[in-house]
*Asks:* 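Quick one: structure below, then a few questions.
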There are 2 protein chains.
Amino acid sequence: MIEPTQTVSDRPHRTQTERRQATRQALVEAALLRIQAGENFDTLSLRSLSKAAGVVPAAFYRHFDSLEDLGMALMDDSFRALRAMLRDARRRDPKEAIPASISSLTEHVQANRPHFAFIAQARSSGSPRLRATYHAEIRLIVSELATDLARFPHMSKWSAADLQMVSSLIVNSMISTTEAILETRENDVAGRTAIAKTAEHQLRLVMIGVPQWRSATATEDPA
Amino acid sequence: MIEPTQTVSDRPHRTQTERRQATRQALVEAALLRIQAGENFDTLSLRSLSKAAGVVPAAFYRHFDSLEDLGMALMDDSFRALRAMLRDARRRDPKEAIPASISSLTEHVQANRPHFAFIAQARSSGSPRLRATYHAEIRLIVSELATDLARFPHMSKWSAADLQMVSSLIVNSMISTTEAILETRENDVAGRTAIAKTAEHQLRLVMIGVPQWRSATATEDPA
DNA sequence: GAAGATAGTGAACACTCGTACACACAGTGA
DNA sequence: TCACTGTGTGTACGAGTGTTCACTATCTTC
């Protein structure tokens, strides 16, 4: 069932640009709402989104060339939210980097469920463009984390490849944690704290191995 | 464009059950082909699959109640392939468990690309039934790995929660590795060996931390 | 206040979609 | 051989799809 969202056009805005931004936002939010409800972005239709936004199908083209174009706009918004989370995580106490990062993650995911759900879907979207953007962004995040890690005492001398290796392990773990959080029901706080606890332990376990990494495997690559 | 696959009905089979199985298989394989080509299962249509299988749309219902029903059948096939991989990995030399598991993974994924791609899609499918099945199967695999790990010397005394924690970390890493392999082009052997190498290092790193796990964190939980 | 730009309208187009039903026709078992 | 069963056919229906185009109404600029 499509909920009869209140229209945008019937409450007139003063300026034209305000009006424009309002319907554009209504289209974007209609998409996010459906995604949060469990629908896949690939199955959304231009018509149904327009109807939910209180606008006629043809009006869609005043704002986006196609559904994929709207998807790209959604990607921008969603990765902006993700980057805000990363900035927040970095700002916190580096002595408690692990629990700080985890709680930053859970808070931001919880506060931006539909955006993170959209990102999760983009990973294996039917649109090559969305998929490519997703992977490019993730790769960037992995690299940024790698340079962060290089500042840690035990890893300052690590090779770029090893840094990337640890970094991607951590990012993958965080992505899985994110998806686990998204699967919890809105009111299941206990479930989310359990997930956070597990994620914290996983990060700890990984970091325990770090100090002995190359010494333990030095035999394999004499370079 | 939909490729004009050769029909099934025009080359008559002797027995009726043979004929039945042939078209059923043609429907399933049409779906796998589209998935391998990068399409999302959620966007497949009953009509296009029927056409690709060389059969009229109504005939679809002789084999499946709905597209979701076909999806469930695909899940069976795909997780059968996944379990075969796990059995294969377990059969190999436990002294070299890590490289053995990784090469088993890469081989099986490469040999069953569409099935693994379908599983990857199921993770955030629009169909709640497919999603639920996916997560149930993965949870099962995590638990099985946990009991396997309990047989390792350092982990025999571990709590169930800790075993699950390590196990899910490993499984998540393997899932990410799988998806990375699926993104490589068919002829990019070098790319896949690089991915395998990284995955191997990640598993090693995790296992390095294992012997010191609880001793390193014993302060937090005095139970 | 007139002239111009533009967000949103409404109708029409040429599809594709899932589903239904009577029907044909080939293997099956007596 | 004959009636039975069941796979696949052909056609039709209603609904939903993306896209187009001339239009209206409103805000903007002079």
Side-chain angles (χ1 to χ4, degrees), chain A residues 1-31 34 39-73 126-127 129, chain B residues 1-31 34 39-73 126-127 129:
Chain A
M1 279 304 130
I2 283 103
E3 67 299 334
T5 311
Q6 76 275 18
T7 69
V8 175
S9 50
D10 54 7
R11 47 184 161 109
H13 292 271
R14 234 181 302 285
T15 90
Q16 202 165 25
T17 52
E18 266 178 359
R19 189 180 164 80
R20 175 174 175 80
Q21 281 189 321
T23 57
R24 190 192 144 102
Q25 195 57 23
L27 286 167
V28 167
E29 270 165 12
R34 306 284 272 289
E39 243 173 295
N40 193 314
F41 176 79
D42 289 338
T43 70
L44 298 183
S45 79
L46 183 155
R47 284 186 105 99
S48 70
L49 289 184
S50 303
K51 182 183 291 189
V55 123
V56 94
F60 185 95
Y61 294 103
R62 300 284 185 200
H63 302 277
F64 304 103
D65 284 348
S66 62
L67 267 170
E68 196 188 46
D69 197 31
L70 188 156
M72 291 302 288
S127 154
R129 199 143 149 254
Chain B
M1 281 301 129
I2 283 101
E3 69 297 334
T5 312
Q6 76 274 18
T7 70
V8 176
S9 49
D10 54 7
R11 47 185 161 107
H13 291 271
R14 233 180 303 285
T15 89
Q16 202 166 24
T17 52
E18 267 178 358
R19 187 180 166 80
R20 175 174 174 79
Q21 282 189 320
T23 57
R24 189 191 145 103
Q25 195 57 23
L27 286 168
V28 167
E29 270 165 12
R34 306 283 271 291
E39 244 173 295
N40 192 314
F41 177 79
D42 289 339
T43 70
L44 298 183
S45 77
L46 184 155
R47 284 186 105 99
S48 69
L49 290 184
S50 303
K51 183 183 290 188
V55 123
V56 93
F60 185 95
Y61 295 104
R62 299 287 184 199
H63 303 276
F64 304 101
D65 284 348
S66 62
L67 267 171
E68 196 187 48
D69 197 31
L70 188 155
M72 290 302 288
S127 153
R129 198 142 150 255

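Proteins come first, then strands; the chains are lettered A, B, ... in the order of their sequence lines, and each starts at number 1.
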*Asks:* Whole angstrom is fine here: how far is it from NZ in A:K51 over to C1' in C:dG10?
*Replies:*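 Result: 14 Å.
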*Asks:* Rounded to whole angstroms, how far apart are CD on B:E18 and C1' on C:dA26?
*Replies:*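 Going from CD in B:E18 over to C1' in C:dA26 covers 14 Å.
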*Asks:* Would you say C:dA7 has OP1 or OP2 under 4.0 Å from some side-chain N or O of A:R19?
*Replies:*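 So the side-chain polar atoms of A:R19 never come under 4.0 Å of the phosphate oxygens OP1 or OP2 of C:dA7.
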*Asks:* Measure the distance from CD on B:Q21 to C1' on D:dT7 and round it to the nearest whole Å.
*Replies:*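 From B:Q21 CD to D:dT7 C1': 13 Å.
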*Asks:* In whole Å, I'd like the distance from the CG atom of B:D69 to the C1' atom of C:dG18.
*Replies:*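 For the pair B:D69 CG and C:dG18 C1', the rounded distance is 15 Å.
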*Asks:* Please name all residues satisfying side-chain contact (heavy atoms from CB on, under 4.5 Å) with A:A31, sequence neighbours left out, ordered by chain then number.
*Replies:*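 A:A31 satisfies side-chain contact (heavy atoms from CB on, under 4.5 Å) with A:L44, A:L49, A:L70, A:L74 only.
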*Asks:* Please give, in whole Å, the distance from D:dG8 P to B:R24 CZ?
*Replies:*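 Atom CZ in B:R24 sits about 12 Å away from atom P in D:dG8.
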*Asks:* Suppose we screen for side-chain contact (heavy atoms from CB on, under 4.5 Å). Which residues come up paired with A:L46, at least two apart in sequence or across chains?
*Replies:*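 For A:L46, the residues satisfying side-chain contact (heavy atoms from CB on, under 4.5 Å) (neighbours in sequence not counted) are A:S50, A:P57, A:F60, A:Y61, A:L67.
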*Asks:* Taking only residues two or more places apart in sequence or in another chain, which ones pass side-chain hydrogen bond (donor to acceptor under 3.5 Å, both in side chains) with A:S66?
*Replies:*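 Not a single residue meets the side-chain hydrogen bond (donor to acceptor under 3.5 Å, both in side chains) criterion with A:S66.
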*Asks:* Listed by chain and number, what are the side-chain hydrogen bond (donor to acceptor under 3.5 Å, both in side chains) partners of B:D42, not counting sequence neighbours?
*Replies:*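 Applying side-chain hydrogen bond (donor to acceptor under 3.5 Å, both in side chains) to B:D42 gives A:N40, B:S125.
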*Asks:* Restricting to nitrogen or oxygen on both sides, can you table the protein-nucleotides 28-30 of chain D pairs closer than 3.5 Å?
*Replies:*
from   : atom 1 : to    : atom 2 : distance (Å)
D:dT28 : OP1    : A:Q16 : N      : 3.2

*Asks:* B:T43: which residues meet the side-chain hydrogen bond (donor to acceptor under 3.5 Å, both in side chains) condition with it, sequence neighbours left out?
*Replies:*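 Expected list: none.
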*Asks:* Any donor-acceptor pair under 3.5 Å linking the side chain of A:R20 with the backbone of A:R62?
*Replies:*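 Checking the backbone N and O of A:R62 against the side chain of A:R20, a donor-acceptor pair under 3.5 Å is found.
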*Asks:* Please encode protein proximity along nucleotides 13-25 of chain D as a string of B, S and -, counting only heavy-atom distances under 4.0 Å.
*Replies:* ----BBBBB----
*Asks:* Rounded to the Å, how far apart are A:Q25 CD and C:dA7 C1'?
*Replies:*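 Whole-Å distance recorded here is 17 Å.
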*Asks:* Write down the distance between CZ (B:F64) and P (D:dT7), rounded to a whole number of angstrom.
*Replies:*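 About 13 Å, once rounded to whole Å.
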*Asks:* Of all residues at least two apart in sequence or in a different chain, which pass the side-chain contact (heavy atoms from CB on, under 4.5 Å) check with A:A58?
*Replies:*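 Expected list: A:V56.
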*Asks:* Excluding sequence neighbours, so at least two apart, what forms side-chain hydrogen bond (donor to acceptor under 3.5 Å, both in side chains) with A:S127?
*Replies:*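 Here the qualifying residues are A:E68.
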*Asks:* To the nearest 0.5 Å, how far apart are CZ in A:R19 and OG1 in A:T17?
*Replies:*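 Rounded to the nearest 0.5 Å, the CZ-OG1 separation comes out at 11.5 Å.
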